Structures are given as structure tokens and as C-alpha cells.
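Notes to accompany the following structure.
Counting starts at 1 for both ligands and their atoms, following the listed order. Note that the structure is a prediction, hence the values are computed from the model and not measured.
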Amino acid sequence: MKKSILLLLVMFSTLIFAQENKKLALTPPMGWNSWNKFGCNVDENMIKQMADAMVSSGMKDAGYEYIVIDDCWQVSRDSLGNIIADPERFPSGIKALAGYIHSKGLKFGIYSDAGTKTCQGRPGSRGYEYQDARTYATWGVDYLKYDWCNHSTQDAKASYSLMKDALVKSGRPIVFSICEWGTNKPWLWGKEAGGNLWRTTGDILNCWDCITDWGGMGWILILDKQNGLESYAGPGHWNDPDMLEVGNGGLNDTECCAHFSLWCLLAAPLMAGNDLRDISESTTEILTNKEVIAIDQDVLGKQGYKIKDDGDFEIWYKPLESDDIAICFLNRSKEPMDIDIDWETLDIKGKYKIRDLWKKKNTGTTNKNFKAEIEPHGVIFLRLIEED
Ligand code: GLA
């Protein structure tokens, strides 16, 4: 009798935690991750400085909240199987670091891998899922990015579901970021496996359209792979086209604006990947443009999609709350481009006010053609506001 009451209690609390976890990431997560800029060169001082800079740069005010350490923080396991952080790079321990980040009003994220080893050869969580989840919860982890290297013959959905169950069991709400590079189409099972976001492609690179044989590519090539996935995204479960390269030097300011605009139009997670301690004015302006971020964070949670493809000229569309619409005109060419758009041809009827989100100006209404020049590799990003 006593046993069955205990069992019922355990089942009930697991259900409550599962419900709690469902409330996570109702809008796409925003934060910073160490990988794009620092790779394996991570340590506690740098991470603390990044948290400080997230506050002082205005990024926290703009909505960024997670500070995530990617690969290479871990070195081994102790005799009981507990995961050990690099004692030289993290001498105060991860729990203290999480405490520091929380004291800034921010949240803390960490990285592991569903296989035996991470992509950089550090210990993975295979066989230690429940133990690691418990450790993360005691440390105060709020976000887990879970990679897919060294998985041998493991089944992807089963492996991610296992870690999700472990996270739920840990009793702490932890955002679950599936990083499986799109290999097994995670948009089809990621939500069921408990993912709050899932990578849809290989790694983003710090360039416009470069590509590597191991699956890395520039942001514009990643963009091309997002169209058609829009029906799988929504509050609590997002397609993740990878972290931002804004401010990392491989893209000029115009290109950074385009990259950031399209990520917002896609309702993508916004994880900055640059050095926040050394951030230029123009990069700050891009990353903290609140009207652009509002497109990403719109409560409807609709991922935008392409409505016109004329080669170098594309039009992207995202429905917003209150019947507003976000429209992004993209010039993929290396030359300036003149456009003259009749809104009716886009099926945009009725009268909307036009707000230019980068110029931060109202620029007329949709009752006449929209004429403008788009910079090379640039965008014009608009919010169409329904008039009463
Ligand atoms: C994979 C992931 C990257 C990063 C590295 C770390 O390549 O896709 O985002 O986490 O591993 O090793």
C-alpha cells in the first residue's frame, strides 16, 4: 500500500515537472554562447566577463538572458562517474560560476553530447544521462545544449528523449537544445523528444556563403535550408538555424543586419556568438534593435517563410500578432538593387502603415507601390501595422 502511494507521488511530481518544462522557451531563447568566437578557449573569468558585458552593453535589457558555455569545459569523470570541470580553467567550479551569472539576473547554460564523447573529445553523457542531469540541476543549470558526436549506432530520437526524461526527473526546469545538425530531420520528432529547439543544419561559419566538406556553411546557405520547416516551429519548440555570427568580423555591417533580420523573421533562437567585451557600436545597434527583436519574439511564434524568389531578390513574410506582418526584402547580389513593389501582387491588401525597422521610421502606407534601393547583400526589413 505504502509503496503504491509513493509510486503515485513520484508519478505526480514527474508530471508536474513535465508540465513546468512545457512552459519553457515560449518565445525563441535569447543569449550568448562561447563556441563561434572562442571554440575550446573557455574559462571562468572570460565567462564572468561575458555576463558583465551582457548587462553593460544593453543586451540584457534587449532580452538576452542565457550565458552558455559550449564544448571543452569538462575533462573527465571521477571514480563515481561524476562529470569533472577543467580545474585549471574553472577553479571555482561550475556551481559558483552559475551563481555569479544568476546574481546578474541572467541564466546559465552548459553543453554535453548524447554520445560517448563530445565533438572535441571530452566525456559525453552516454550512460550517465540521469547522473549528469542531476549534477546540472544541483549546479543551477538552466539550459542544456546536447550534441550528436560519437553516437555510434544510437537512435537519435531515443537518445534525446532519454536525456529529456533525465532533465525532467532532475526537478529543475532546463531548456533542452537538441544539436543534431538536421541529420535525422529533428523537426519531425524534436518536440516529442522534449526539445525546446533543434538545430536544422551543420555549423554556421563566419562568412556570407562559404562551405566546408564537414557540413559547415555561411548563414545565407543555412537560410536556404529553413524554408519549408515553418510548420514545425511554435511556442516552446523552435527550429534552430544555429548561433549568430554578427560582430565576428566575417560579415560587414550590412551583411550582419541581413543575417540578424532573417534570423528574427525565422523566429530563430538568438544566441550571440561574438566577444561582448569588445563590441563595436554598430554591432551593439544591430544586436539590440528592439523593434527587430520584437519580430523574433512575437507571441504568435510563427516562423516566417519565403513568398517570392527571383534569384538574387527574395521576399520573406512573417505573420505577427494583431494582424501585423513582417516583410523582409533581401538582395543577395553584390550590386545595389532597385525595387518597386505593388503590395497587391504579394496578396497584401488593405491599408497598413509601413515601419522601417532599421531606419526606425514610418515610411508611408501600403496604398501605393513601395520603391527603394537595397544595398548589396542587404535587406529592407518592414513591419506592416494594421490601421484601425
Ligand atoms: C558541433 C556543434 C557546434 C559546437 C561544436 C563543439 O560542431 O554543432 O555548435 O557545439 O560541436 O565541439
Side-chain angles (χ1 to χ4, degrees), residues 28-43 46-47 50 66-76 83 85-86 89-90 94 108-126 132 136 141 143-152 154 156 159-160 163 174-187 190 193 195-207 210-219 221-223 225-226 238-248 250 259 263 266 268-275:
M30 294 174 66
W32 176 89
N33 173 300
S34 54
W35 184 255
N36 282 358
K37 176 74 184 178
F38 296 95
C40 264
N41 196 13
V42 287
D43 63 62
M46 181 271 272
I47 300 291
M50 224 50 79
Y66 294 96
I67 295 275
V68 182
I69 317 179
D70 209 279
D71 208 345
C72 302
W73 61 269
Q74 63 285 69
V75 279
S76 57
I83 190 75
D86 185 332
R89 288 174 174 263
F90 297 90
I94 302 294
F108 174 62
I110 212 164
Y111 163 101
S112 189
D113 188 289
T116 49
K117 285 186 173 162
T118 71
C119 297
Q120 302 304 312
R122 307 304 175 95
S125 289
R126 174 78 177 140
D132 283 354
Y136 302 153
V141 168
Y143 182 112
L144 174 67
K145 172 174 170 183
Y146 205 47
D147 216 336
W148 190 231
C149 278
N150 303 299
H151 59 267
S152 178
Q154 282 172 238
S159 302
Y160 282 95
M163 185 42 121
I174 296 177
V175 170
F176 191 36
S177 158
I178 296 178
C179 178
E180 179 269 0
W181 324 311
T183 318
N184 296 283
K185 299 194 168 83
W187 46 89
N196 297 112
L197 57 155
W198 46 80
R199 281 272 299 278
T200 53
T201 67
D203 291 8
I204 195 166
L205 299 177
N206 185 16
C207 63
C210 59
I211 189 157
T212 66
D213 51 10
W214 52 266
M217 68 200 100
W219 80 270
L221 302 180
I222 291 187
L223 175 70
K225 295 179 183 288
Q226 307 311 308
W238 309 99
N239 289 308
D240 175 8
D242 208 356
M243 303 166 297
L244 295 161
E245 290 287 6
V246 174
N248 275 338
H259 169 28
W263 258 225
L266 291 171
L270 297 179
M271 302 300 283
N274 56 316
D275 188 344

task = Look at the side chain of Trp263 and the backbone N and O of Asp242, then say whether any donor-acceptor pair between them is shorter than 3.5 Å.
result =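 Yes.
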ask   = Would you say the side-chain atoms of Arg89 pair up with the backbone N or O of Trp73, donor to acceptor, closer than 3.5 Å?
value =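 A pair under 3.5 Å: no.
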message = If we set the cut-off at 4.0 Å for heavy atoms, which region of Cys179 has an atom near ligand 1: side chain, backbone, both, or neither?
response = side chain
Check: Trp181 N/O within less than 3.5 Å of ligand 1 N/O =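 N/O-N/O distance below 3.5 Å exists for this pair.
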query = Hey, does Asp147 come in under 3.5 Å of ligand 1, counting only N/O atoms on both sides?
reply = yes
query = If hydrogens are left out, which of Asp113, Asp240, Asp203, Thr201 has an atom nearest to atom 3 (C) of ligand 1, that is, the closest non-hydrogen atom?
reply = Asp203
Minimum non-hydrogen distance to atom 9 (O) of ligand 1, winning option of Arg122, Lys145, Glu180, Gln120 =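 When every heavy atom of Arg122, Lys145, Glu180, Gln120 is considered, Lys145 comes closest to atom 9 (O) of ligand 1.
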inquiry  = Whether the Asp147 and Trp181 side chains hold a donor-acceptor pair (N or O, under 3.5 Å, no angle test) is what I'd like checked.
reply    = yes
inquiry  = With no hydrogens and no angle check, just 3.5 Å: does a side-chain donor-acceptor pair link Trp148 and Asp113?
reply    =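 Trp148 vs Asp113: no donor-acceptor pair found between side chains.
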ask   = Would you call Tyr111 a ligand 1 contact, heavy-atom distance under 4.0 Å?
value = yes
ask   = Under 4.0 angstrom from ligand 1, any heavy atom of Thr118?
value =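 The answer is no: ligand 1 sits nowhere under 4.0 Å from a heavy atom of Thr118.
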Per-atom contacts, ligand 1 versus [X] - under 4.0 Å to a heavy atom:
X: Trp35; result: 4 (C), 5 (C), 6 (C), 12 (O)
X: Arg199; result: 8 (O), 9 (O)
X: Cys119; result: 1 (C), 11 (O), 12 (O)

Close side-chain approach of Cys72 and Phe38, heavy atoms under 4.5 Å =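 Cys72 vs Phe38: side chains apart.
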ask   = Is Asp71 salt-bridged to Arg122, going by a charged N under 4.0 Å from an acidic O?
value = no
request  = Take the angle between the ring planes of Tyr146 and Tyr160 and call it parallel below 30°, perpendicular above 60°, tilted in between.
outcome  = perpendicular
remark   = What one should report as the nearest heavy-atom pair of Pro29 and Tyr143 is CB-CE1, 4.2 Å
key: Protein contact to atom 10 (O) of ligand 1 [nearest heavy atom, distance to 0.1 Å]   = Asp70 OD1, 2.6 Å
remark   = atom 12 (O) of ligand 1 sits nearest the protein heavy atom Asp71 OD2, 2.8 Å
